[in-house]
Amino acid sequence: MVINTIDAGMLRKMFLSGAKSIESKKEYINELNVFPVPDGDTGTNMTLTIMSAAREVNQMENPTMEGLSKAISGGSLRGARGNSGVILSQLLRGFCKEIKEYQVLDTLALSAAFQKAVETAYKAVMKPKEGTILTVARGGAEKAASLAAETKDLVYFCYEIIKHMEEVLEHTPDLLPVLKEAGVVDSGGQGLLEIVKGAYDALLGKEVDFDRVPDGSSIPNGTEGAKTAQGGQAGTAVNRENIDTANIKFGYCTEFIIMLEKEYNEKTDSEFKAYLESIGDSLVVVSDDDIVKVHVHTNDPGLAIQKALTFGSLSRMKIDNMREEHHERLIKDAENLARQQAEEKKAKEQVKEKPKKDVGFISVSIGEGINEIFKGLGVDYIIAGGQTMNPSTEDMLNAIEEVNADTIFILPNNSNIILAANQAKELTQDKNIIVIPTKTVPQGITAIINYVHDKTAEENEARMTAEMKKVKSGQVTYAVRDTNIDGKEIKQGNIMGLDEKTILSVGSDIGETTYELVCGLTDEDSELISLYYGEEITEDTANALAERVREKFPETEVEIHYGGQPIYYYVLSVE
């Protein structure tokens, strides 16, 4: 088989096949993570990121390179989660920047796109680390550059690139000692390889079932979302089911996309929605860049179409007679989405009614008790997430819009969320966003405590960043797999005490392991130890541990707080 060019239709198939490939391998990729914590792992984060784009791409019936590029780039940027997800989104962003002007892709075009992808991803990371997904991506790009002038056969071209990427991946343990000690290759690099392999399968003509791509049925809740004209969470492609025709007020399920040719702003969006609500119900209107997606139930689809044509041309039009075809798949929860959109509109109006603040705060939090602590310290918006589910860039953007302030400080409170926060900062045009690079909840608490109202944003950024670095943080959880780290043999189910870099204590008892962690973080200069106990720990148990710590360190103040976090038995700080 010889293939010399790839058109937009084939690229769509290849991208969806790549997305499906990593989805099917995400648990295997998760298992490659060095630290055996019950975390939002690499495979999960990369899958959630690419699925955000795949849902957009899967709806394109007659794609162009430009349209495909916007869907892939925009969807992955907004859906990016975790460091690996953000890096993947930047690789896709760079790739799409290069290909959007082409009608078809050959080896030279693909090589240029690979180079742009790697260049974009490396620029997005403050301190690129070799032995990671970046190394594997660069290896593929370098191989593409050497092959592009030698062959026009894309099958051979892609096969050789994949083979070289596999070789680079196998050598990642030589670049990162922690990988070698754990006996694994880099999980992000493995994820990227699975995506490329899946795309190659589609190029070869392998049939791939895309039915589950749009709704992400195997993905945890909270992963979907498209930006409305006001920036809210509008939802994604949804499942359909049979309905009772007796309850149908408006008989035609009408869907289409407007390719905007005129200005479409917040006022226009509001007026358009009001018109559609006057002729139907179950309304969902989602705008993104220069397209608007519309779903409405109405008795006169022509009226909706005529109004839409005043904004631009239409594509992917679909009209179902729900009374006659009630056994056809219909949009599930359309009414709920409409109510959600109405509630979000009301909430946004309430936000606008609040006096605008000079400064606002957004914090990622991991439990109900810690939520209350942050709120008590003046945080305006809490993003649930942290360890068990890394928030996406879209989650950050939604939070930014909800805070009515000129300057907004974001506290990620997890090293795997900082890149997503920075990506949201880059995508925000109308507010001054300052990301304080807090890697733990205790660092976040310390940072906001040290905010001083009469200082400038720049002065506070410097102060908060400096003070958070003085905090020693620890977490206690359980191992989800066997591994070896820093000479410690860890078995599945062991209790582990971690600082910000490694595992300090391992045992079979929560209290004893936590005590060893506290002792490992505390010295004669320590003034305060704070223990935040999780939902599985009782107050009496936490008090007993605190008393033992006080006996060991009589000159150091020891506090306990209910954190309410799942999975992590204790989160602690030493100052």
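Because the structure is a prediction, the values reported are computed rather than measured.
Minimum heavy-atom separation, Glu467 to Thr446: O-CG2, 3.7 Å. For the pair Val57 and Ala71, the tightest heavy-atom approach, listed with the atom from each and the gap, is CG2-CB, 4.0 Å. In terms of heavy atoms, Leu134 sits closest to Ala121 at CD2-CB, 3.8 Å. Among all heavy-atom pairs drawn from Ser505 and Glu516, the shortest one is CB-OE1, 3.6 Å. Residue Ser573 comes nearest to Val471 through the heavy atom pair CB-CG1, 3.7 Å, listed as atom of the first residue, atom of the second, then distance. What you find for Gly94 and Thr120 is that their closest heavy atoms are CA-OG1, 3.3 Å.
Residues Val549 and Ile529 form a side-chain contact, since some pair of their non-hydrogen atoms from C-beta on lies under 4.5 Å apart. Residues Leu528 and Val574 have side chains not in contact (no heavy-atom distance under 4.5 Å, counting atoms from C-beta outward). Between Tyr570 and Ile510 the shortest side-chain heavy-atom distance falls below 4.5 Å. At least one side-chain heavy atom of Ile133 sits less than 4.5 Å from a side-chain heavy atom of Leu91. Annotation: side chain of Thr393 is in contact with side chain of Leu397 (closest heavy-atom distance under 4.5 Å). A heavy-atom distance below 4.5 Å is not found between the side chains of Glu527 and Thr556. Ile560 has its side chain within reach of Tyr533: a pair of non-hydrogen atoms, C-beta onward, lies under 4.5 Å apart. Counting heavy atoms from C-beta outward, Asp380 and Ile362 have side chains that stay 4.5 Å or more apart.
Inspection of the Tyr562 and Glu372 side chains reveals no N or O donor paired with an N or O acceptor under 3.5 Å. Between the side chains of Gln90 and Gln423, at least one donor N or O lies within less than 3.5 Å of an accepting N or O. Side chain to side chain, Thr44 and Thr47 fail the donor-acceptor criterion of an N or O pair below 3.5 Å. In summary, the side chains of Thr42 and Asn45 do not present any donor paired with an acceptor at a separation below 3.5 Å, with no hydrogens or angles considered. Side-chain contact, Ser508 with Asn494: no donor N or O sits under 3.5 Å from an acceptor N or O.
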Just do the side chain to side chain contact (heavy atoms under 4.5 Å, CB included) check on Arg55 and Ser52 with the steps written out, would you? CA-CA 6 Å; Arg55 284 187 285 270; Ser52 180; 4.2 Å; yes
Start with the C-alpha distance between Leu521 and Leu572, add both sets of side-chain angles, then the distance that settles side chain to side chain contact (heavy atoms under 4.5 Å, CB included), and finish with yes or no. CA-CA 10 Å; Leu521 293 173; Leu572 60 95; 3.5 Å; yes
What verdict does the salt bridge (charged side-chain N to carboxylate O under 4.0 Å, His left out) test give for Asp499 and Lys472, after you've listed the backbone C-alpha separation in whole Å, the side-chain angles of each residue and the deciding distance to 0.1 Å? CA-CA 8 Å; Asp499 68 0; Lys472 299 176 184 177; over 6 Å; no
Apply ring-ring contact (aromatic ring centres under 6.0 Å, His included) to the pair Phe409 and Phe361, showing each step before the final yes or no. CA-CA 5 Å; Phe409 287 85; Phe361 297 91; 5.5 Å; yes
May I have the step-by-step check of side chain to side chain contact (heavy atoms under 4.5 Å, CB included) for Ile434 and Ile408, ending in yes or no? CA-CA 6 Å; Ile434 299 175; Ile408 300 174; over 6 Å; no
Worked verdict on Asn413 versus Thr440 for side chain to side chain contact (heavy atoms under 4.5 Å, CB included): CA-CA 4 Å; Asn413 301 332; Thr440 65; over 6 Å; no
Assess the residue pair Glu551 and Arg548 against the criterion (salt bridge (charged side-chain N to carboxylate O under 4.0 Å, His left out)); give the C-alpha distance rounded to whole Å, side-chain angles, the decisive distance to 0.1 Å, and a yes or no. CA-CA 5 Å; Glu551 292 175 4; Arg548 187 179 177 192; over 6 Å; no
Check the pair Ser89 / Ser76 against side-chain hydrogen bond (donor to acceptor under 3.5 Å, both in side chains), numbers first and verdict last. CA-CA 5 Å; Ser89 74; Ser76 61; 5.2 Å; no
Salt bridge (charged side-chain N to carboxylate O under 4.0 Å, His left out) evaluation trace for Glu575 with Lys470: CA-CA 7 Å; Glu575 301 178 52; Lys470 298 177 182 178; over 6 Å; no
Can you list the steps and then say if Asp395 with Arg81 is a salt bridge (charged side-chain N to carboxylate O under 4.0 Å, His left out)? CA-CA 10 Å; Asp395 294 330; Arg81 295 176 187 267; 3.6 Å; yes
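Side-chain atoms of Thr268 do not come within 3.5 Å of backbone N or O of Tyr264 as any donor-acceptor pair. Listed for the Asn414 side chain is a donor-acceptor partner under 3.5 Å among the backbone atoms of Asn416. No donor-acceptor pair under 3.5 Å is formed between the side chain of Arg93 and the backbone N or O of Leu77. Asn371 places no side-chain N or O within donor-acceptor distance of the main-chain N or O of Ser365, the cut-off being under 3.5 Å. With hydrogens and angles ignored, the 3.5 Å screen pairs a side-chain donor or acceptor of Asp482 with a backbone N or O of Gln492. In this structure a side-chain-to-backbone donor-acceptor pair under 3.5 Å is present from Ser392 to Glu394. Under a 3.5 Å cut-off, the side chain of Asn484 and the backbone N or O of Ala182 do not form any donor-acceptor pair. The backbone N or O of Lys439 lies less than 3.5 Å from a partner atom in the side chain of Gln443, making a donor-acceptor pair. Between the side chain of Asp269 and the main chain of Glu266, no donor-acceptor pair closer than 3.5 Å is present. Side chain of Thr438 to backbone of Gly444: no donor-acceptor contact under 3.5 angstrom is found.
Here the CD atom belonging to Glu130 is positioned 6.0 Å from the OG1 atom belonging to Thr132, to the nearest 0.5 angstrom. Atom-to-atom distance recorded for His453:NE2 and Asp358:CG is 11.0 Å, nearest 0.5 angstrom. Annotation: the span from Leu192 atom CG to Glu194 atom CD amounts to 10.0 Å, rounded to 0.5 Å. Once rounded to the nearest 0.5 Å, the distance linking CZ of Phe553 with SG of Cys519 reads 4.5 Å. With rounding to the nearest 0.5 angstrom, the CD atom of Gln565 is 10.0 Å from the OG1 atom of Thr477. If you take CG on Asn83 and CD1 on Ile418, they are separated by 7.5 Å, rounding to the nearest 0.5 Å.
Between Asp406 and Lys431, no side-chain nitrogen of the basic residue sits less than 4.0 Å from a carboxylate oxygen of the acidic one, so the salt-bridge criterion is not met. A salt bridge links Asp41 with Arg481: at least one charged nitrogen is closer than 4.0 Å to a carboxylate oxygen.
Checked options Asn422, Leu427, Ile433, Ile410; the residue passing with Met396 is Ile410 (criterion: side-chain contact (heavy atoms from CB on, under 4.5 Å)).
More than 12 heavy-atom neighbours from other residues, nucleotides or ligands sit within 6.0 angstrom of NZ on Lys357.
Geometrically, Arg463 does not engage Tyr451 in a cation-pi contact defined by less than 6.0 Å to the ring centre and at most 45° from the axis.
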